[in-house]
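Here is the naming used below: chain letters follow the sequence lines, and residue numbers restart at 1 for every chain. Worth knowing before you read on, the calculation uses all heavy atoms, side chains too, and leaves out hydrogens, waters and symmetry mates.
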There are 2 protein chains.
Amino acid sequence: MRKGELTHQAILETAVRLASRVGLQGLSIGGLAEELGLSKSGLFAHFKSKTELQVQVLEAATALFTERVVRPALGRPRGEPRVQALFDGWLTWDRDKILEGGCIFVAAAAELDDAPGPARDTLVQSQRDWLDCLAQAARIAVVEGHFRKALDVEQFAHDQYAVMLGFHHAKRLMRDPQAEARARRAFDALVTAARTPTS
Amino acid sequence: MRKGELTHQAILETAVRLASRVGLQGLSIGGLAEELGLSKSGLFAHFKSKTELQVQVLEAATALFTERVVRPALGRPRGEPRVQALFDGWLTWDRDKILEGGCIFVAAAAELDDAPGPARDTLVQSQRDWLDCLAQAARIAVVEGHFRKALDVEQFAHDQYAVMLGFHHAKRLMRDPQAEARARRAFDALVTAARTPTS
DNA sequence: GCGGAAAAAGCACGACCGTTCTATGAATGG
DNA sequence: CCATTCATAGAACGGTCGTGCTTTTTCCGC
């Protein structure tokens with residue numbers, strides 16, 4: 001039962017990369033099989049349906065994201081440094097070579113926002129966890145005294161995510177060379193505002 | 001040459017609504033024809049290719065957006081009221097019944113960000129115009145003395161767009177009932193920061 | 001190394017895709 | 001009112017899609 005698990009993992013790795021370019025809907029079983037040098041039916045046997053493939057792709061991407069972005073940030077000091085690390089980590093994540101087509105979650109969000117089903121549920125849960133993670137980091141920064149006591153940490157997480165979306169839009173669609181600088185400036189303003197008491 | 005133009009327009013109207021739900025790729029000629037009670041080939045004759053259909057859908061959506069959002073805002077007083085009107089107009093636009101599936105530009109941005117071609121070019125131009133419009137409104141607010149003199153108006157437009165993207169994400173994907181309140185709070189913070197000199 | 005189990009391939013299916021060609025109906029200008 | 005153009009319908013094409021079914025190949029414990 002080992003060989004199977006191995007290719008299963010290899011399939012998901014390639015699928016995540018491919019899906020970042022063509023989206024979850026555009027990810028075809030035939031195309032994925034060809035990219036891997038497998039037969040269509042051989043690959044299909046690993047997943048009972050395309051929906052299941054999409055779900056597992058999202059789960060694999062979430063696991064990768066946690067390992068690449070969240071875990072490193074948890075190694076940073078509590079408070080503002082960790083908040084900053086989460087933001088920097090996301091910027092790095094979006095630049096990662098494994099995501100040639102930009103953040104897979106952003107792409108999936110647009111595709112699935114009106115498509116009820118397991119794939120959407122998986123994505124929403126993943127995003128909720130990520131937003132909770134951001135809010136929790138901000139909450140710790142409040143406890144540590146870096147951010148003001150009355151800060152709405154959920155609002156802060158929401159705003160931080162918006163900055164990330166703005167960055168993605170500016171970089172991937174508009175090809176704005178200043179995208180990263182703009183995102184950093186926007187986030188700095190957010191952090192500055194969070195520091196000052198009685199905003 | 002009148003009957004043709006009429007149905008042509010009717011097709012685009014339905015196509016915009018449909019595309020907001022299923023995306024530009026998901027918009028199939030057969031499905032669109034069925035929705036309109038036309039034959040597939042009869043509809044196809046209006047556009048020489050699917051790409052051309054996508055381009056015209058984007059152009060129709062842009063025209064609708066200009067009429068529904070930009071033009072009303074231009075009727076508002078120069079300066080901050082107009083800036084606010086553009087933001088409010090966008091929130092209304094996103095809530096419009098014609099866009100059952102959320103803002104078509106947001107959906108298209110994710111689909112086309114790595115798909116070179118006429119459709120992408122059309123979308124990018126549309127978005128560039130919109131960002132220029134936002135920046136120009138902010139510029140006028142500077143001239144009117146509502147915003148500080150040193151304000152980076154392109155950055156302001158970028159940040160404003162990011163707030164809109166954050167709103168779209170929170171509302172359409174996360175189904176957050178507080179989405180609009182969060183967006184308004186974020187935009188208010190942006191405006192407040194733009195007002196205060198030497199941020 | 002052999003036998004059973006797991007993995008992959010091969011093949012075929014029905015459905016839908018964009019597109020083309022041809023024919024027929026309706027609308028329009030003189 | 002007629003002739004011509006234009007709008008639409010119909011049928012068919014090659015292709016790809018997701019998904020089953022059957023067979024062959026590969027792996028792994030004994």
Rounded off to whole Å, could you give me the [atom1]-to-[atom2] distance for the [X] and [N] pair?
| X | N | atom1 | atom2 | value |
| --- | --- | --- | --- | --- |
| B:F47 | C:dT20 | CZ | C1' | 17 Å |
| B:E5 | C:dA26 | CD | P | 21 Å |
| A:Q25 | D:dG18 | CD | C1' | 13 Å |
| B:I11 | D:dT8 | CD1 | C1' | 10 Å |
| A:F44 | D:dC21 | CZ | P | 11 Å |
| A:Q9 | C:dA7 | CD | C1' | 17 Å |
| A:E34 | C:dA8 | CD | P | 18 Å |
| B:L32 | C:dC16 | CG | P | 16 Å |

Subject >> Residues, nucleotides or ligands: over 12 heavy atoms within 6.0 Å of A:E52 CD >> reply: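 Yes, because the 6.0 Å sphere around CD of A:E52 holds more than 12 heavy atoms from other groups.
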
Is any side-chain N or O of [X] under 3.5 Å from a base N or O of [N], one able to act as donor and the other as acceptor?
| X | N | value |
| --- | --- | --- |
| B:S39 | D:dG10 | no |
| A:S41 | C:dA8 | no |
| A:K40 | C:dG10 | no |

Taking the side chain of [X] as its heavy atoms from C-beta onward, which of [options] lies nearest to it?
| X | options | value |
| --- | --- | --- |
| A:S49 | C:dA8, D:dT19, C:dG10 | D:dT19 |
| A:L38 | D:dC28, C:dA8, D:dA9 | C:dA8 |
| A:K50 | C:dA9, D:dG18, C:dC17 | D:dG18 |
| A:I29 | C:dG18, D:dG18, C:dA8 | D:dG18 |
| B:S28 | C:dG18, D:dT19, C:dA8 | C:dG18 |

Subject >> Rounded to 10 degrees, the angle between the two terminal axes of the helix from C:dG1-D:dC30 to C:dT24-D:dA7, each from five pairs >> reply: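 Angle reported: 20°, given to the nearest ten degrees.
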
**OP:** Give a yes or no on whether a salt bridge exists between B:D114 and A:R175, defined as a side-chain N under 4.0 angstrom from a carboxylate O.
**Re:** yes

Original post:
Quick one: do A:R184 and A:E180 make a salt bridge, cutoff under 4.0 Å?
Top reply: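 Result for this pair is yes, salt bridge flagged.
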
Original post:
Looking at A:H46, does any N or O in its side chain come under 4.0 Å of the phosphate oxygens OP1/OP2 on C:dA8?
Top reply: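 Affirmative; the distance criterion is met.
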
**OP:** Examine A:W130 together with A:F65 and report whether their ring centres are nearer than 6.0 Å.
**Re:** yes

Subject >> Centroid separation B:F156 to B:F147 less than 6.0 Å >> reply: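 Yes, the ring centres sit under 6.0 Å apart.
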
Original post:
A:F47 and side chain to side chain contact (heavy atoms under 4.5 Å, CB included): which partner among A:I29, A:V57, A:I11?
Top reply: A:I11

Original post:
Will you find, in the side chains of A:D129 and A:Q125, an N or O donor that is under 3.5 Å from an N or O acceptor?
Top reply: yes

Original post:
Between A:H168 (side chain) and A:C103 (backbone), is there a donor-acceptor pair under 3.5 Å?
Top reply: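 Yes, because the side chain of A:H168 sits within donor-acceptor range (under 3.5 Å) of the backbone of A:C103.
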
Counting any heavy atom closer than 4.0 Å, what does [X] reach on the DNA or RNA strands: base, sugar-phosphate only, or nothing?
| X | answer |
| --- | --- |
| B:L43 | nothing |
| B:A45 | base |
| B:L27 | sugar-phosphate |

